[in-house]
Amino acid sequence: MADPVARFRVGYGSSLRHLVVMIACFALAGWVVLRLAGEPSAGRMLLWFVGAAIAHDLVLFPIYASADRALKSAVGRRRRAGVAGSRLRASAAGDGSAPPSPLNHVRVPALAAGLLFLVYLPGILRQGRATYLDATGQDQQPYLCRWLVITGALFLLSGISYAARRIQWRRRVGLAR
């Protein structure tokens, strides 16, 4: 191990690029902290940041981890019941691949809908009506309806994508009905 790069990798545990990126991230975070240190509302921002981290780690994470575990369990039960025959037919057709899983076709639109909900939560709950009306001249009335429409569209597009993948898989293994 005379190569200094190899010795560095063994000693550090990762590549030099990783170290450079980490230093850049810490430098950026330090710059942001220095910029915010002079703000009169820095204490309130820090309180909101810590509160958001605690709310996420202690409240939101267990909720969506439990929901994901339940979804995985439900999809797993359904796939175990229906996939065994599909795999036999697929292996007879010469393709040992399993049918596509619907799991990520539920996760992705749910994540997008959740993030949109968090971003537009004040508008959906109509907080700051007077300020919003004064600033834009518009009402916050359509926020909830628009979020529901976008959420429905995300799930619809994901369902169409899953159906297309499923049809493609059936054709590939010769199971088209």
Side-chain angles (χ1 to χ4, degrees), residues 21-22 24-83 86 98-172 176-177:
V21 169
M22 292 303 296
C25 287
F26 281 116
L28 178 65
W31 177 76
V32 168
V33 167
L34 288 175
R35 295 282 303 197
L36 291 177
E39 288 287 322
S41 60
R44 285 188 358 198
M45 282 190 265
L46 179 63
L47 183 64
W48 270 101
F49 182 75
V50 170
I54 290 171
H56 174 266
D57 292 350
L58 296 180
V59 178
L60 291 177
F61 179 74
I63 289 172
Y64 64 73
S66 299
D68 187 58
R69 181 171 289 165
L71 177 66
K72 238 192 246 186
S73 174
V75 168
R77 276 194 304 269
R78 182 178 168 273
R79 285 175 61 87
R80 278 191 298 275
V83 170
S86 297
S101 172
L103 195 60
N104 285 337
H105 290 277
V106 175
R107 282 178 177 163
V108 171
L111 174 67
L115 289 174
L116 285 172
F117 183 75
L118 285 176
V119 168
Y120 293 106
L121 183 64
I124 291 170
L125 297 179
R126 297 186 188 152
Q127 293 179 340
R129 275 185 219 167
T131 305
Y132 186 81
L133 183 63
D134 291 344
T136 65
Q138 298 176 358
D139 186 24
Q140 292 175 316
Q141 183 75 23
Y143 271 86
L144 177 61
C145 182
R146 289 177 183 166
W147 176 76
L148 289 172
V149 167
I150 290 172
T151 299
L154 288 169
F155 276 99
L156 178 68
L157 289 172
S158 184
I160 290 169
S161 171
Y162 174 70
R165 287 184 63 212
R166 182 82 183 193
I167 290 168
Q168 184 181 27
W169 174 80
R170 283 181 176 268
R171 285 186 182 150
R172 189 174 61 239
R177 294 180 185 167

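Just so you know, these numbers use all the heavy atoms, side chains as well, and skip hydrogens, waters and symmetry mates.
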d(Ile167 CD1, Tyr162 OH) to nearest 0.5 Å is 10.5 Å

Any Pro109 side-chain heavy atom under 4.5 Å of Thr151 side chain: no

Of the non-hydrogen atoms in Leu133 and Gln138, which two are nearest, and what is the gap between them? CD1-O, 3.4 Å

Under the side chain to side chain contact (heavy atoms under 4.5 Å, CB included) rule, collect the residues that match up with Val50, sequence neighbours excluded. Leu46, Ile54

Only one of Arg170, Arg166, Arg165 clears side chain to side chain contact (heavy atoms under 4.5 Å, CB included) with Pro99; which? Arg166

Qualifying side chain to side chain donor-acceptor pair (under 3.5 Å) pairs, either residue in residues 48-61, two or more places apart: His56-Tyr64

Sub-3.5 Å donor-acceptor pair from the side chain of Ser158 to the main-chain atoms of His105, do we have one? yes

Under the ring-ring contact (aromatic ring centres under 6.0 Å, His included) test, residues paired with Tyr132 that sit two or more places apart: Tyr143

Results of side chain to side chain contact (heavy atoms under 4.5 Å, CB included) for Leu121 - residues two or more places apart only: Phe117, Leu125

Set of side chain to side chain contact (heavy atoms under 4.5 Å, CB included) partners for Ile150, sequence neighbours left out: Leu116, Leu154

Can you list every salt bridge (charged side-chain N to carboxylate O under 4.0 Å, His left out) pair that touches residues 29-50, not counting sequence neighbours? none

Can you pull out every side chain to side chain donor-acceptor pair (under 3.5 Å) where at least one residue sits in residues 111-130? Sequence neighbours excluded, please. Arg126-Gln141

Pairs involving residues 136-157, ordered by first then second residue, that meet salt bridge (charged side-chain N to carboxylate O under 4.0 Å, His left out) (sequence neighbours left out): none

Can you list the residues that meet the side chain to side chain donor-acceptor pair (under 3.5 Å) rule with Arg107, with sequence neighbours excluded? Asp68, Asn104

Report the residues that fulfil side chain to side chain contact (heavy atoms under 4.5 Å, CB included) with Leu144, sequence neighbours left out, ordered by chain and then residue number. Ile124, Trp147, Leu148

Do any N or O atoms from the side chain of Ser161 and from the backbone of Leu157 form a donor-acceptor pair under 3.5 angstrom? no

Residues Leu36 and Ala42: closest non-hydrogen pair is O-CB, 3.2 Å

